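Structure first, then comments.
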Amino acid sequence: MIRIDCPNCGLRNASEFRYGGEYNPRPKQPTAAGDAEWTDYVYMRHNRMGVQTEWWFHRDGCGLWFLAERHTRTNVVLRTNVWRPRDAQEPS
Amino acid sequence: MIADRRRLAAQPDEIIDRQRPLTFTFDGKPYPAYAGDTIGSALAAAGMDLLSRSFKYHRPRGLLCCAGHCPNCLVQVGPEPNVRACTRPVEPGMSVTSQNAWPSLERDALSLMGLAGRFTPVGFYYKAFVHPQALWPAYEKVLRRAAGLGSVQYAVDQYSVDQRSYEQQYVHADVAVVGGGPAGLSAALAAARQGARVLLIDENPALGGHLHYSLPQHREARDELIGAVGQYSVVGEPVVGEPVFSRSVFSESGVEASGLGITVLLNTAAIGAFEENWLAAVSTLPRKQGGSATLYKIRAGAMVYATGAYEQPLVFGNNDRPGIMLGGAVQRLLRLYGVAPGHRAVVVTANDDGWAVAADLLAAGVEVAAVADVRAEVDSEQLTAVSRTVGQWSGARGQQLEALWGHTALSAGGGRRVSNVTLAPLDTSGRVDAARAKTVTCDLVVVSVGWSPANGLLAQAGAPLIFDERRMEFMPDEQGSGEGLERVFAAGRVAGAHELECELTDGRLAGQRAASAAGFGAPPDVLALAAQELSRAAEPSRTSAHILSPGSGKRILCFCEDVTDKDLEMSIAEGYDSIELLKRYSTISMGPCQGKMCSRNTLHLCARANGWTVARTGTTTARPPVTPVSLGALAGRRMEPVRVTPVHEWHRANGAKLMIAGLWLRPEHYGDPLAEARAVRQGVGLIDVSTLGKFRLVGPGVPALLDRLYINRWNNLAVGRVHYGVMCNDEGIILDDGVTARVGENEWYMTTTSSGSGAIFEWIQWWLQSGWGEGVCAVNLSEVNAAFNLAGPRSREVLRELTDADLSNETFPYMRTREAAVAGAPCRLLRIGFTGELSYEIHCPAGYGLHVWEALLTAGQAFGIRPFGVEAQRVLRLEKGHLIVGQDTDGLTDPVAADMELTVKLDKPDFLGQRAITRVMRDGARQRLVGFKMAASGVVPDEGLQIVRPGTGDWPEIIGWITSCRFSPTLNETIGLCWLDAALASRPGAVFTIRMNGRLEEARVHHGPFHDPEGVRLRE
Amino acid sequence: MRRTPIYDVAVRGGATMGEVAGWLVARSFGRGPAGGMPALLWDESHWRKILIEGRDGARALSEIGALPQGNVSFPVGAGIRLRETTIYRLRADQLILLASPSVADERLTALFDIEWGGDLSVTDITHGQAQLRLTGPAAAGILSRLCGLNLHTTQFPTLSARQTSVAKTAQLIIRDDLPGGLLTVDDQTSAVPSYALIGARSLGAYLWETLLDAGRAFDIRPLGSDETASFLAPSSGSGLSP
């Protein structure tokens, strides 16, 4: 079983976590966003083969939602960190 | 009783205890044995050669590997099928039966299958039993009987599957070593000496591996290594290890080595290697040890695989006759169990190992008629020593041992036991010269022609394996790289080190490297590694390229599935030339041995038939389990969490029919749901709604948060007021609904549906932790508070009995909340009405739950109170036309279609679902959720039935479906909710038809609540 | 009268029930003395459990004297004992305070009067959590059958907290060893491993039965409050005063 490094609890078995999908920040001003941008946010996912930033939730642990950079082919989790306000600006 | 006439006098290395004789039965007949014997060794001692019948042709089979690898000795022990007789320790009174033979092992009617062999070629299942498909169940019954491997019994007796306990245990170690042979022991010691906590696992009942039975001069090394690992007994009770950290008091049988942190798990087979050094291993202890199988889930900082090698059979005519055994099997029987496996032996070999077996046989007093060595005469240092011994022994006994260089076995004779073997010379190109063959009488043929590294686990761990042309074996590629491989090491025979010195050095270096990779001590220096590389390369090859001798009789390639070399050829000729396709088509390597006895031979024969190199041919993918494992061990302890409310025991004791809702157990009803519903309408009822989600939200940021989460408006809600809310996601889909109360200026109490409780809290947490958390703290009180709904026109009178709080409609009207002591317990009351009657939702700390529940029922007695369950609640809410999220809505339901347009406050600056809902409001809904009444009140269509419009064609048009439908005891009519074509749904009284069991039933559209449409009763 | 989530399973298990600090709890299972037993299990669900959320939690606690001055920034997973309460940091923004049910500490009352600064909340979650204490030399062995956490002392020392999955349920595990000599006569020096499992009340009965079942091979014994009182003296300094 792979392990995921919870930013709060450290390395834990993946079964303690819930997957929360690709990191997909919501446009700051939903009403101002163009239709294409909004459609991308609501419906489109990248489904990358490679390193992807995604949400994980430590469900059986501390209850933290955090971001993980995981390689979707090897399952290697390169980095995890809690969400910071500036993450919302970065494109995923 | 049958005598153990093949038992030798006491042997110096034997692991049986002759002071402890015992008896067991095989196919009903009693057999003698000693403590320490396996089923297989005891049967061999008694001269019982025939242990099973083969899978397809029902050919007689006996001990082949004697190491738990091949399928030949699979037997049934009590209710447990597919036990390997050669490794399962025998127990007093054990009842062992043969498998796959009818009417008996000796006279198996289905052995005639062998004669029909040419009508049952490879792939015949696929070809013969395909048509007609309807007959497959009948075919299957016959095939299962013919090709079964034991039977699972459910009877309850002392060996019952029901009484076996399956355990799982997590184990953590710095370094885990798989294999307790010389390389593994040496690796474990080296890693422990560098300060690592080491876990050492071995599938055998004793550590030491081949040192116990290979060469006598290994005895000293064995004693030294095992002595270093810990005090340890070979005879008697198997040593059971537990993780070091948990054994401090219970070490009477646990091994904690002399100051070194080595934990030993014996009788434990590694079954699979997974990511990040996660290893699964199963321990099958004899029943007297507690009768359980344990699955260990091991996580190690670094791994050493010292898994050894499997000796490989030779493919020749009738090479599966009982009495034809691998060299290691013979040595095990002789040395460990003191059993002579025959009287007159012929050894077929291609390396020095075969000569060592010949020496052992002679030492035990077994006549060796001939040694046929595939090699043209060789002169190695070790062989000189061994053949001198062989010469001395045979000379001293006046025996004629014939050394046949450049010879091989062509075919074997005999029926249920081998009676002779035909030997033939090989020419320089490796072709067999059958014309110059000669037949030697014997009752034992020892085959020792090569090894296949046990690298299944290594391959699963991701180690690249490359074919070594000189050794004729696949070797782990030291230069290879891959994810996590810097913490995976191989040592000993699996890595090509066969000589003892080489094995020990290999182990020591691997142990040091593993410890260092796990953070303990330094790695060995580069020179030592280079020197070891050289000494491994200097070892002579032990594995012969000679694999097949074209003698007469079936030449079995795959013992599990009865696949012959001819079948292989035919499959390749049919086009299945890739090794992976060949495996799937011919079923080679797919049986109980999982390729241990056949993969290597298949690969070489496949390469030759294709004219390819072995490297190009490649290998099949190694998958767990490496060794068979019972499903019970994989399932482990029965762990099914179940949630119960604080009133659960009361429900049980009072006749509730319980239903499962998520993990919860809830009362569906207490015998008569309609009477329960009537009680609420006419008097008063009480339902346990402790399963609701209940969250406490604190802080100045809460109103803004609620405005974003819900489609309704919250920021103007006054303290003490309650509001019904609906949550959507940005697709505009309804997620949940519930009431939320503002209980203080900065404090809110939110409730969700029971089923949504967990998911909604995670949903809210997600928004809080990704930018919307400013000024908000959220605490889950779902478990802290019990909740009951006291509903019905007389509920106020009941509650008045238990509280001093003013409950009058003026001071505590509909949709308000307040705190109050109820029966002495601090409670929060919410005046809301899912049921459509005057009702109070009473939330109290869970510890008071039963107390408050019982107090309410006692107080309500005078008013005819009835507890009601989920079913009555469903009827009551349906009479009010309330939807249930998940029951009446699905993953495509938006609030407009669900008739909640008035709830939506589009003019809020931003909320989840705003854009999507704005669009459906503009475009309108295609279908709508709407109420209906059945024309015939006795007809109650099932939920999910289709609403159809009879068209002109053959098929009516589907225009909707039923989501909820019940007979209403209040209205005496059948009512429901359905999804319906929007145009039709907009016309109250419009008639539509429901397809029910081929009939069409009429129903009429109904708008608004069925009962008390003005909501007067709620507000009284 | 308040009941713990173990009430019904304890009654079924033959316990004599009685009142402790306003709670109906198992007083005795009547299975003989606890001394020398490899594994013991008892119910502490009636213990006070107070959750403090918000980044300013530790500072607020130290201001009312519930945390020693200068101990405001102790790490996640660590615990601090102050008289009869222990405080563990579960997250940067989350603390839990545990106290025996009879502790009438003015500081506990003061907790709920802390001015909420928008990012701070104090919630009594006593009623929502089952708290089961597994004690004895075999405790880690039993726990390792139900939980994948590395329980080695170097990884999980006494007076620390971990949140993880136990028997397929989410639990907060507190390790709080008992002083040596309390349970074993022969060994006065080494502490007795002890773990409190704190998790959803609705799953308490399930977990209680699962622990007893997993501990059967170790001869695990359930204890009532009278039985634990015999070795958990208030003076023991373990913070375990009943």
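Chain naming here is simple, since letters A, B, ... match the order of the sequence lines and numbering starts at 1 in each. Every heavy atom of this structure was used, including side-chain atoms; hydrogens, water molecules and symmetry mates were not. The model shown is predicted, which means the values in this text are computed figures rather than measured ones.
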Decide yes or no for [X] and [Y]: does some side-chain heavy atom of the first lie under 4.5 Å from some side-chain heavy atom of the second?
{"X": "B/His648", "Y": "C/Asp8", "answer": "no"}
{"X": "B/Trp664", "Y": "C/Ser202", "answer": "yes"}
{"X": "C/Arg2", "Y": "B/Pro845", "answer": "no"}

Between atom [atom1] of [X] and atom [atom2] of [Y], what is the distance when rounded to the nearest 0.5 Å?
{"X": "C/Arg216", "Y": "B/Glu167", "atom1": "CZ", "atom2": "CD", "value": "10.0 Å"}
{"X": "C/Leu143", "Y": "B/Gln169", "atom1": "CG", "atom2": "CD", "value": "10.5 Å"}
{"X": "B/Tyr170", "Y": "C/Leu149", "atom1": "OH", "atom2": "CG", "value": "10.5 Å"}

Using non-hydrogen atoms only, which part of [X] is less than 4.5 Å away from chain B: side chain, backbone, both, or neither?
{"X": "C/Asp124", "result": "backbone"}
{"X": "C/Arg12", "result": "side chain"}
{"X": "C/Thr4", "result": "neither"}
{"X": "C/Ala217", "result": "neither"}
{"X": "C/Ala214", "result": "both"}
{"X": "C/Ile125", "result": "both"}

- Query: At their closest point, which heavy atom of B/Val779 faces which heavy atom of C/Glu53, and how far apart are they?
  - Reply: CG2-OE2, 3.6 Å
- Query: For the residue pair C/Ser121 and B/Cys777, what are the closest heavy atoms and their distance?
  - Reply: OG-CB, 3.6 Å
- Query: Where do B/Asn785 and C/His127 land on the side chain to side chain contact (heavy atoms under 4.5 Å, CB included) test, with the steps shown first?
  - Reply: CA-CA 7 Å; B/Asn785 286 342; C/His127 286 260; 6.0 Å; no
- Query: B/His172 side chain to C/Gly148 main-chain N or O, any donor-acceptor pair under 3.5 Å?
  - Reply: yes
- Task: Show your working on side chain to side chain contact (heavy atoms under 4.5 Å, CB included) between C/Met1 and B/His851 and close with a plain yes or no.
- Result: CA-CA 7 Å; C/Met1 192 71 86; B/His851 165 75; 5.7 Å; no
- Checking heavy atoms, do the side chain of B/Leu665, its backbone, both or neither come under 4.5 Å from chain C? neither
- Message: Given heavy-atom pairs under 4.5 angstrom as the criterion, report whether the side chain, backbone, both or neither of B/Ala786 touches chain C.
- Response: neither
- After noting the C-alpha distance and the side-chain angles of B/Arg197 and C/His152, does the key distance pass the side chain to side chain contact (heavy atoms under 4.5 Å, CB included) rule? CA-CA 11 Å; B/Arg197 285 187 305 127; C/His152 192 263; 3.6 Å; yes
- Could you please spell out the steps behind the side chain to side chain contact (heavy atoms under 4.5 Å, CB included) verdict for B/Met639 and C/Leu146? CA-CA 9 Å; B/Met639 287 196 287; C/Leu146 306 172; 3.7 Å; yes
- Query: Would the number of heavy atoms belonging to other residues, nucleotides or ligands and lying under 6.0 Å from CD of C/Glu19 be above 12?
  - Reply: yes
- Task: Quick one: which of B/Gly824, B/Pro641, B/Ser690 has the most heavy-atom pairs under 4.5 Å with chain C, could you say?
- Result: B/Pro641
